[in-house]
Amino acid sequence: MNYYSTNNPSLRVSLQQAVVEGLAADNGLFMPEFIPPLPPQFFDTLAQKSFQEISLEVAKNLIGNDLPDKELERIVTQTISFDAPLVKIEEGIYALELFHGPTLAFKDFGAKFLAGLLGYYAQQQSREMTVLVATSGDTGSAVANGFYNVEGTKVIVLYPSGKVSDLQEKQFTTLGGNITALEIDGTFDDCQRLVKLAFLDKQLQQQRMLTSANSINIARLIPQMFYYFWAYAQLPDKSKEVVVSVPSGNFGNLTAGLIAKKMGLPISKFIAATNLNDVVPAYLESGSFATRPSVATLSSAMDVGNPSNFARILDLYSGNREAILNDVVGVKITEEETCHAIQHLYHSMEYVLDPHGAIGYLALKNLIDSRKQTGIFLETAHPGKFKEVVENNTKKAVLLPDRLSAFLSKQKQTTRLNNTYIELKEFLLSYCFTMR
Ligand SMILES: *Cc1c(COP(=O)(O)O)cnc(C)c1O
């Protein structure tokens with residue numbers, strides 16, 4: 001399978017090049033040149049397969065012979081090392097819990113798969129891979145933990161100072177070793193812009209030293225397809241239409257779901273559920289895509305004003321909004337509604353939502369026609385990651401798994417930078433030269 005750029009459909013690069021470069025030289029995002037449908041036998045036997053077996057078949061279908069079978073098997077097995085259970089919440093509504101990994105958010109899947117691939121390429125090319133990543137919280141912790149001690153790799157995390165939770169910050173600023181954290185005076189959008197500039201920088205490019213771990217990297221999206229198939233496999237009653245609600249920020253998760261559908265997964269509709277940062281729902285309604293600075297909300301991992309994967313969604317549908325509307329409905333959820341959803345589900349069902357899952361749940365609840373549809377929402381993070389918001393609404397303590405609370409007692413180590421590119425570049429040059 002080769003990959004093209006969303007800015008240049010005639011470009012062809014290998015999986016290795018797409019993954020190592022992260023972003024195409026023309027600023028476009030890499031896409032597979034075609035999306036092969038899975039054979040009917042795959043779906044006939046879905047209910048008998050394990051999460052790992054399903055994941056391996058989906059991966060092979062897309063990746064083909066780009067990687068030796070035993071390497072792909074090793075990487076998939078390492079990635080799918082924890083479950084994503086489908087939990088019944090109420091009649092006709094299920095949560096796909098994606099938070100059972102090491103940093104308790106769905107981003108663990110993408111981070112582990114990417115770390116596996118880059119570790120393999122580093123070994124093949126006998127050179128070091130430096131990963132540069134911007135985070136609004138969860139990506140940084142997942143990537144740092146996914147890459148921690150992976151031979152041949154180093155990670156630099158950029159994050160907005162004071163705008164991520166204490167626990168999130170501790171998960172990527174206390175590891176040390178091959179993980180470095182840069183605290184930026186600015187917003188997440190600033191961090192994302194700085195990372196993009198670094199990738200477009202000819203001088204840095206010539207030294208071939210940087211790789212992206214943001215959801216612009218196609219390797220992050222591939223394992224995110226696996227759990228849509230696993231969700232469907234676990235669904236006890238498949239007689240109704242299936243609607244999947246995806247709480248979205250950079251829209252990587254939704255993009256992965258749409259690709260899974262193109263591979264043949266029978267999902268009738270996706271809900272693009274956002275917080276107040278609703279540029280995609282606004283586009284679906286009006287047809288104009290107007291990016292704007294992000295506003296801070298309770299579901300901070302979705303505070304994105306210029307969602308990077310939107311270009312991929314447009315590309316999947318050849319820029320045709322009508323076609324997108326066939327598959328995707330946009331819903332914006334307010335802060336108040338988010339709180340109500342957490343309160344409601346806790347009081348009615350004793351199920352504790354995190355603020356991101358709350359948005360997915362409520363958007364689904366508002367739209368679903370339970371006579372003919374079954375709904376699944378992605379529960380993207382453990383409620384303990386957003387303890388304050390959750391406890392304010394449930395009035396009950398959320399317990400954190402021990403492996404997470406251990407981070408809180410460790411000492412943070414960061415380098416603080418302003419939000420200009422020149423400072424970042426100076427840091428990268430000195431960092432990379434001292435490394436050699
Ligand atoms: C990153 C994140 C999201 C948004 O996912 P995208 O793929 O960027 O749309 C939602 N919820 C949580 C908890 C996240 O960490």
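Being a predicted model, the structure only gives us computed values, none of them experimental.
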- Query: Which atom pair, heavy atoms only, marks the closest approach of Pro32 to Met1?
  - Reply: CB-SD, 3.9 Å

- Item | Flag for Gln52-Ser55: side-chain donor and acceptor within less than 3.5 Å | no

- Message: One pair to check against side chain to side chain donor-acceptor pair (under 3.5 Å): Asn178 and Glu151. What are the steps and the verdict?
- Response: CA-CA 9 Å; Asn178 63 334; Glu151 206 157 317; over 6 Å; no

- Item | Check: Ser248 and Phe270 side chains under 4.5 Å, non-hydrogen atoms | no

- Is the Tyr351 to Tyr361 ring centre distance short of 6.0 Å? no

- Message: Determine whether a donor-acceptor pair (N or O, by modelled atom type, separation under 3.5 Å) exists between the side chain of Ser268 and the backbone of Val242.
- Response: yes

- Note on the structure: Correct closest heavy-atom pair for Ala256 and Tyr228 would be C-CE1, 4.1 Å

- Query: Do the side chains of Tyr148 and Val143 get nearer than 4.5 Å, heavy atoms only?
  - Reply: no

- Message: Testing the basics here: between Lys385 and Ala105, what is the closest heavy-atom pair and its distance to 0.1 Å?
- Response: NZ-CB, 4.0 Å

- Task: Look up atom CG in Asp278 and atom CD1 in Ile333, then write down how far apart they are to the nearest 0.5 Å.
- Result: 11.0 Å

- Task: Check step by step if side-chain contact (heavy atoms from CB on, under 4.5 Å) holds for Thr374 and Lys238.
- Result: CA-CA 8 Å; Thr374 300; Lys238 298 181 177 47; over 6 Å; no

- Mark yes or no for whether Thr291, through its side chain, and Asn306, through its backbone, hold a donor-acceptor pair below 3.5 Å. no

- Would you say Phe386 and Leu298 make side-chain contact, with heavy atoms under 4.5 Å? no

- Query: Just wondering, do Pro102 and Lys112 contact through their side chains at under 4.5 Å, heavy atoms?
  - Reply: yes

- Query: Under the 3.5 angstrom rule, does the side chain of Asn217 hit a backbone N or O of Ser212 as a donor-acceptor pair?
  - Reply: yes

- Task: Determine whether the side chains of Thr297 and Asp303 contain a donor N or O and an acceptor N or O closer than 3.5 Å.
- Result: yes

- Task: Give the intermediate values and the outcome of side-chain contact (heavy atoms from CB on, under 4.5 Å) for residues Leu117 and Leu67.
- Result: CA-CA 9 Å; Leu117 273 182; Leu67 222 61; 3.6 Å; yes

- Measure the CG-CZ distance between Asp69 and Arg74 for me, rounded to the nearest 0.5 Å. 13.0 Å

- Look at atom CD of Gln78 and say whether more than 12 heavy atoms of other residues, nucleotides or ligands are closer to it than 6.0 Å. yes

- Item | Sidechain-backbone polar pair: Lys262 side chain, Leu316 backbone, donor-acceptor under 3.5 Å | yes

Please report, to 0.1 Å, the donor-acceptor pairs under 3.5 Å made by any side chain of residues 15-24, with sequence neighbours excluded.
residue, atom, partner, partner atom, Å
Gln17, NE2, Glu21, OE2, 3.1

- Query: Would Asp201 and Lys425 pass as an ion pair if we require N to O under 4.0 Å?
  - Reply: yes

- Item | Spacing of Leu424 atom CG and Leu197 atom CG [to the nearest 0.5 Å] | 8.5 Å

- Task: Check the pair Tyr4, Phe30 against ring pair (Phe, Tyr, Trp, His ring centres under 6.0 Å), reporting the backbone distance first and the verdict last.
- Result: CA-CA 5 Å; Tyr4 62 86; Phe30 288 115; 9.1 Å; no

- Message: Any carboxylate oxygen within less than 4.0 angstrom of a Lys/Arg side-chain nitrogen, looking at Lys365 and Glu90?
- Response: yes

- Query: Counting N and O atoms only, with roles assigned by atom type, does the side chain of Arg193 sit under 3.5 Å from a partner on the main chain of Tyr421, one being a donor and the other an acceptor?
  - Reply: no

- Quick one: are Lys332 and Asn277 in side-chain contact, heavy atoms under 4.5 Å? no

- Query: When you check the side-chain N and O atoms of Ser10 and Asn8, is any donor under 3.5 Å from an acceptor?
  - Reply: yes

- Query: Any side-chain donor-acceptor pair under 3.5 Å between Asn275 and Ser299?
  - Reply: yes

- Message: Pairing donors with acceptors under 3.5 angstrom, does anything connect the side chains of Tyr227 and Asn253?
- Response: yes

- Task: Let me see the working for Val304 and Ser294 under side-chain contact (heavy atoms from CB on, under 4.5 Å), right down to the final yes or no.
- Result: CA-CA 5 Å; Val304 182; Ser294 61; 5.7 Å; no

- Query: Is there a side-chain contact between Tyr283 and Val279, using heavy atoms and a 4.5 Å cut-off?
  - Reply: no

- Cationic N near anionic O, under 4.0 Å, Asp166 to Lys387: no

- Message: Does any part of the side chain of Leu46, heavy atoms only, come nearer than 4.5 Å to the side chain of Tyr232, both counted from C-beta?
- Response: yes

- Message: Please tell me whether Ser141 and Gln168 have a donor and an acceptor in their side chains that are separated by less than 3.5 angstrom.
- Response: no

- How close do Asp354 and His356 get, heavy atom to heavy atom, and via which atoms? OD2-ND1, 2.6 Å

- Message: With a 3.5 Å distance limit and no angle check, can you tell me whether Glu337 reaches the backbone of Thr334 through a side-chain donor-acceptor pair?
- Response: yes

- Evaluate the criterion side chain to side chain donor-acceptor pair (under 3.5 Å) for residue pair Glu169 and Tyr159; output intermediate values, then yes/no. CA-CA 9 Å; Glu169 186 178 38; Tyr159 73 103; 2.6 Å; yes

- Task: Give, for atom CD1 of Ile222 and atom OG1 of Thr79, the distance between the pair rounded to the nearest 0.5 Å.
- Result: 10.5 Å

- Taking Asp185 for the side chain and Ser161 for the main chain, is one N or O donor matched with an acceptor at less than 3.5 Å? no

- Task: Could you check if a side-chain atom of Leu38 sits within less than 4.5 angstrom of a side-chain atom of Phe43, using non-hydrogen atoms only?
- Result: yes

- Residues forming a side-chain hydrogen bond (donor to acceptor under 3.5 Å, both in side chains) with Lys49, sequence neighbours excluded: Thr45, Glu57

- Is it true that the side chains of Ser239 and Asp237 contain a donor and an acceptor less than 3.5 Å apart? yes

- Item | side chain to side chain contact (heavy atoms under 4.5 Å, CB included), paired with Ile376, selected from Val243, Ile89, Leu235 | Leu235

- Between the main-chain N or O of Ser308 and the side-chain N or O of Asn250, is there a donor-acceptor pair closer than 3.5 Å? yes

- Centroid-centroid under 6.0 Å between Phe310 and Phe251 rings: no

- For Gly28 and Ser5, work out which heavy atoms get closest and say how close. CA-OG, 3.5 Å

- Closest heavy-atom pair and its distance - Ile342, Ala358: CG1-CB, 3.7 Å

- Lys70 with Glu73: basic N within carboxylate O range, under 4.0 Å: no

- Message: Can you tell whether the side chains of Arg312 and Asp315 come within less than 4.0 Å, N to carboxylate O?
- Response: no

- Message: Check whether Glu379 reaches the backbone of Ala95 with its side chain - one donor and one acceptor, N or O, closer than 3.5 Å.
- Response: no

Which donor-acceptor pairs under 3.5 Å do the side chains of residues 321-331 make with protein atoms, sequence neighbours left out?
residue, atom, partner, partner atom, Å
Arg321, NH1, Leu284, O, 2.5
Arg321, NH1, Glu285, O, 3.4
Asp327, OD2, Tyr317, OH, 2.6

- Do His100 and Phe82 have ring centroids that are under 6.0 Å from one another? no

- Short side-chain donor-acceptor distance under 3.5 Å, Ser300 and Lys163: no

- State yes or no: are the ring centers of Phe51 and Phe226 separated by less than 6.0 Å? no

- Message: Is it the case that the side chain of Arg127 and the backbone of Gln124 share a donor-acceptor pair, with hydrogens and angles ignored and the cut-off at 3.5 Å?
- Response: no

